[in-house]
Amino acid sequence: MYDSSVQFEIRQLNLKGARQILGNAIGKAPKDKIFKKYIEIELQLGNIDRGRKLYEKYLEWAPENCYVWSKYVELERSLCETERARAIFELAIAQPALDMPELLLKSYIDFEILKREFERTRELYERLLERTKHLKVWISYANFEANLSKDNIEKNLNQCIQRA
């Protein structure tokens, strides 16, 4: 019901009315769909601070939801806010109950690999291994170390060639 009302208000260019409807819906009966819609609207309008506030409210309501944590990190990554993204990851993995903690930690690991923060990546693998001893984690960690060694070998070889 709220969805059609929100769309009507937006078509009428009444953004204040749309926000009021969504805010009331969140206040009375919060649901994933409502939060997602409201965040989507604010981000499409370029209201990053409002989007952040909505993610914070969403996480107050559902702190165990790894999807929300991931989307919030994705927003900060898209804004090149590396330190904010790290802080959100840290807050997320510090939650006592998460619906998919291993996937969130793996996402954090991939983030640090992209940033070429290899020491942080090692620390994250160790933290992940404290939570699970799954074979896939060990294999992933071993592949990370093998690829890192390969990169160092190639770098050292290139340095030698350049010096020669």
Report the residues that fulfil salt bridge (charged side-chain N to carboxylate O under 4.0 Å, His left out) with [X], sequence neighbours left out, ordered by chain and then residue number.
X	result
Lys37	none
Glu74	Lys71
Asp99	none

Item to check | Partner set under side-chain hydrogen bond (donor to acceptor under 3.5 Å, both in side chains) for Glu126, not counting sequence neighbours | outcome: Tyr141
Next on the checklist: Can you list everything that forms a side-chain hydrogen bond (donor to acceptor under 3.5 Å, both in side chains) with Tyr58? Sequence neighbours excluded, please.
Outcome noted: Asp32
[X] versus [Y], closest heavy-atom pair with distance:
X	Y	answer
Lys106	Ser140	NZ-OG, 3.5 Å
Ser5	Ile21	CB-CD1, 3.8 Å
Trp61	Lys31	CH2-CA, 3.8 Å
Ile113	Phe118	O-CE2, 4.3 Å
Val137	Tyr125	O-CE2, 4.2 Å
Ala92	Leu98	O-CD1, 3.2 Å

Item to check | Set of residues satisfying side-chain contact (heavy atoms from CB on, under 4.5 Å) with respect to Lys33, sequence neighbours excluded | outcome: Tyr2
Checklist entry - Can you name the side-chain contact (heavy atoms from CB on, under 4.5 Å) partners of Leu59, sequence neighbours left out? => result Val68, Trp69, Tyr72
Checklist entry - Does some side-chain heavy atom of Leu105 sit less than 4.5 Å from a side-chain heavy atom of Thr132? => result no
Checklist entry - Going by heavy atoms in the side chains, are Pro101 and Ile93 under 4.5 Å from each other? => result no
Checklist entry - With no hydrogens and no angle check, is any side-chain donor or acceptor of Ser107 less than 3.5 Å from a backbone partner on Leu103? => result no
From [X] [atom1] over to [Y] [atom2], what is the distance, rounded to the nearest 0.5 angstrom?
X	Y	atom1	atom2	result
Ile34	Ile39	CD1	CD1	11.5 Å
Tyr38	Ile26	OH	CD1	6.5 Å
Leu54	Leu75	CG	CG	11.0 Å
Ile88	Glu81	CD1	CD	9.0 Å
Leu128	Lys133	CG	NZ	9.5 Å

Item to check | Evaluation steps, side-chain contact (heavy atoms from CB on, under 4.5 Å), between Phe8 and Asn14 | outcome: CA-CA 9 Å; Phe8 174 77; Asn14 183 4; over 6 Å; no
Checklist entry - Among the clusters formed by ILVMFWY side chains lying less than 4.5 Å apart, do Leu43 and Leu45 turn up in the same one? => result yes
Checklist entry - Any link between Met100 and Leu129 through a network of hydrophobic side chains (Ile, Leu, Val, Met, Phe, Trp, Tyr) touching at under 4.5 Å? => result no
Checklist outcome for this item: side chain to side chain donor-acceptor pair (under 3.5 Å) pairs touching residues 84-93, sequence neighbours excluded, are Glu83-Arg86, Arg86-Glu112, Glu90-Tyr108, Glu90-Arg127
Item to check | side chain to side chain donor-acceptor pair (under 3.5 Å) pairs, two or more places apart, involving residues 16-28 | outcome: Arg19-Glu42
Checklist entry - Hey, what else clusters with Ile139 if you join Ile, Leu, Val, Met, Phe, Trp, Tyr whenever side-chain heavy atoms sit under 4.5 Å? => result Leu135
Checklist entry - Mind checking who shares a hydrophobic cluster with Leu114, ILVMFWY linked at side-chain heavy-atom distances under 4.5 Å? => result none
Checklist entry - Which pairs count as salt bridge (charged side-chain N to carboxylate O under 4.0 Å, His left out) when at least one residue sits in residues 44-62, sequence neighbours excluded? => result Asp49-Arg52, Arg52-Glu76
